[in-house]
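Take a look at the structure below.
Below, read A as the first sequence line, B as the second, and so on, with proteins coming before strands; counting in each chain starts at 1. Only this structure's heavy atoms are used, side chains among them; waters, hydrogens and symmetry mates stay out.
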Protein chains: 2
Amino acid sequence: MIVNVTFNGEYNPADFPPFAVTTDLVILTVRPPSLEVLLVERAEEPFAGSWALPGGFVGPEQDLSDAAGATLTDKTGIELDTAHLEQLATFGSPARDPRMRVVSVAYLAMVANPPPAAAGRDAAAAEWQPVSSARATTLAFDHADVLEAGVERARAKLEYTTLATSFCAPEFTMAELRTVYETVWGIALDPPNFHRKVLGSAGFVEPTGRTATQAKGRPAKTYRAGPATTLTPPLAR
Amino acid sequence: MIVNVTFNGEYNPADFPPFAVTTDLVILTVRPPSLEVLLVERAEEPFAGSWALPGGFVGPEQDLSDAAGATLTDKTGIELDTAHLEQLATFGSPARDPRMRVVSVAYLAMVANPPPAAAGRDAAAAEWQPVSSARATTLAFDHADVLEAGVERARAKLEYTTLATSFCAPEFTMAELRTVYETVWGIALDPPNFHRKVLGSAGFVEPTGRTATQAKGRPAKTYRAGPATTLTPPLAR
DNA sequence: AGAAATAAATGTCACTTCGACAAGAATAAG
DNA sequence: CTTATTCTTGTCGAAGTGACATTTATTTCT
């Protein structure tokens, strides 16, 4: 039996070798036909030259969500109140960072129409990449697992929450919202049925009264996000 | 702007003030008519005498899930392979522990028919308490938030996963499974409709061919958990 | 032993929802 | 003015759901 696993009152927490705590972000956006994720190219060891999820160490007096929010605004240039940010999962395998014991609290962000990525101070480059490409890359640390968890969370949440709207501009058409679903899920949805189900889900979207002219065809009515956060019933995948 | 938030390559992780990392467990069981949670009475400061979730510090070379699993077996006496254990969320507010900066990775466990709780080395007492009672208590640290997250996660997961079976013995009747749902959700379900929907959900349960005699009335067929993990369609709450 | 009580299991039926598709409406291009 | 395109609305059979009745198997009571 491992004896020093459980805090038994005789152990002073400060006696333990220190952990470092970081946040890593899976920042997703929809750029049809791809779901894209923001990656940074690491400038320093370990994994110098590898692509990685943006992130950083948590300050000694800093809240976890503040650290994630700071990274999000720093890397994307996006205001916090226009993006969705939620905690994803925590990765703490003893071997995940060769320097020392590092526990990473991963966050998932969903943003709409981000400006082009710019390399920050700590990265050689930053780039929006299709998730399919990112999966084919060897990412630093255990970031492939983190990315997978983030994409799966996003997929699932579109089913039973209204979060798809956070991938859209403040004003959007039904086709744009549908394209978000089709891009994230990688399947085609029936436009008439999608239309009916979204409008039938109370508080999902509300009409603006305006229309958006298309390149071809009938202009589309525009909507903004409604007050609802959960979808009952869920939107079937 | 906070400058030391983001790792910029010039910082050595070992330069950062140390974090301690703990795991805290929301261990739930169903004892009709109550959903119950395992609490320990703290023997040491801080919060000596207060009820808290079981947990402990993560060892320097220990995986997070191993730390949670060790606490689970230590406190409940239950084998890991008979219980469900999943990561819940991570709580890291700078003020949550007065001693030092502590980040707690919370886990959610679901167990069936646990033996009576026994106070471990580090606790004055351990007790299964109805969640409603635990909510009325002032729990140590931010454990009230952790408990709330755990209960909500459990409620939600019963809808779209087969995890209700992890609250049941290896062999169970349809009424027992239904009681799990009714206890966790706090509502009554229609027995005939529940029966139909569970059997109609492929891989949720499989018949054992045996029956269990009741105190009164017709004996019930017994079932064991099937291979499915997700419920499509979900079971409506 | 027979009747009553109890709980499980199965069946019924109106109502709703869903998927597939047709039809109508509004606009730009030819 | 016609055609092509896209959004929007409508139709209909199939499947699913909730409410409730009926049947079956057992124990308990008389």
Side-chain angles (χ1 to χ4, degrees), chain A residues 32-33 158-160 164 168-169 171-183 185-224 228 230-237, chain B residues 32-33 158-160 164 168-169 171-183 185 187-224 226 228 230-237:
Chain A
L158 289 207
E159 287 194 49
Y160 60 95
C168 294
E171 199 166 327
F172 53 85
T173 67
M174 202 56 84
E176 287 167 348
L177 184 62
R178 177 168 44 82
T179 303
V180 166
Y181 277 91
E182 294 179 324
T183 303
W185 288 350
I187 57 174
L189 297 174
D190 182 73
N193 290 341
F194 181 83
H195 195 277
R196 165 166 50 95
K197 282 157 88 166
V198 169
L199 288 187
S201 195
F204 191 177
V205 300
E206 35 193 48
T208 62
R210 286 187 290 277
T211 58
T213 63
Q214 307 296 316
K216 289 182 159 188
R218 177 176 176 173
K221 295 179 183 174
T222 64
Y223 302 87
R224 57 175 156 266
T230 58
L231 293 180
T232 46
L235 226 63
R237 198 182 315 201
Chain B
L158 289 207
E159 287 194 49
Y160 60 93
C168 294
E171 199 166 328
F172 52 86
T173 67
M174 202 54 86
E176 287 167 348
L177 184 62
R178 178 169 44 81
T179 302
V180 167
Y181 277 91
E182 293 179 326
T183 303
W185 287 349
I187 57 174
L189 297 175
D190 183 73
N193 290 340
F194 181 83
H195 195 276
R196 166 164 49 96
K197 284 158 90 165
V198 169
L199 287 188
S201 197
F204 190 175
V205 300
E206 34 192 49
T208 62
R210 286 187 289 278
T211 58
T213 63
Q214 306 297 315
K216 291 182 159 185
R218 178 176 176 173
K221 294 180 183 172
T222 64
Y223 302 86
R224 57 175 156 265
T230 59
L231 292 180
T232 47
L235 225 64
R237 199 180 317 200

> Distance-only, no hydrogens or angles: does the A:Ser201 side chain make a donor-acceptor pair with backbone N or O of A:Lys197 under 3.5 Å?
Replying inline: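 Checking the backbone N and O of A:Lys197 against the side chain of A:Ser201, no donor-acceptor pair under 3.5 Å is found.
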>> Counting only heavy atoms and a strict 4.0 angstrom limit, can you tell me which residues of residues 207-218 of chain B come near DNA chain D?
In response: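 DNA chain D contact set from residues 207-218 of chain B: B:Ala215, B:Gly217, B:Arg218.
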[X] vs [Y] side-chain heavy atoms within contact, under 4.5 Å:
X: B:Leu158; Y: B:Trp185; result: yes
X: B:Leu235; Y: B:Tyr181; result: yes
X: B:Pro207; Y: B:Lys221; result: no
X: B:Tyr223; Y: B:Val198; result: no

>> Does anything in residues 173-183 of chain B come within less than 4.0 Å of DNA chain C? Heavy atoms only, and list the residues if so.
In response: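 B:Met174, B:Ala175, in order of number.
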> Listed in order of residue number, which residues of residues 188-202 of chain A have a non-hydrogen atom at under 4.0 Å from DNA chain C?
Replying inline: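 Result for residues 188-202 of chain A: A:Asp190, A:Pro192, A:Asn193, A:Arg196, A:Lys197, sorted by number.
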> What are the two closest heavy atoms between B:Ala228 and B:Ala202, and how far apart are they?
Replying inline: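 Looking at all heavy atoms of both residues, the closest pair is CB-O, 3.5 Å.
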>> Minimum heavy-atom separation for A:Glu171 and A:Thr222, please, with both atom names.
In response: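 Shortest heavy-atom separation between A:Glu171 and A:Thr222 comes out as OE2-OG1, 2.9 Å.
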> How many angstroms lie between atom CD of A:Glu176 and atom OG1 of A:Thr183, to the nearest 0.5 angstrom?
Replying inline: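 Rounded to the nearest 0.5 Å, the CD-OG1 separation comes to 11.5 Å.
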> Roughly how far apart are B:Met174 CE and B:Leu199 CG, rounded to 0.5 Å?
Replying inline: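 Those atoms lie 4.0 Å apart.
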> How far apart are the C-alpha atoms of A:Glu206 and A:Arg224, what are their side-chain angles, what is the distance that settles it, and do they pass the salt bridge (charged side-chain N to carboxylate O under 4.0 Å, His left out) test?
Replying inline: CA-CA 6 Å; A:Glu206 35 193 48; A:Arg224 57 175 156 266; 3.4 Å; yes
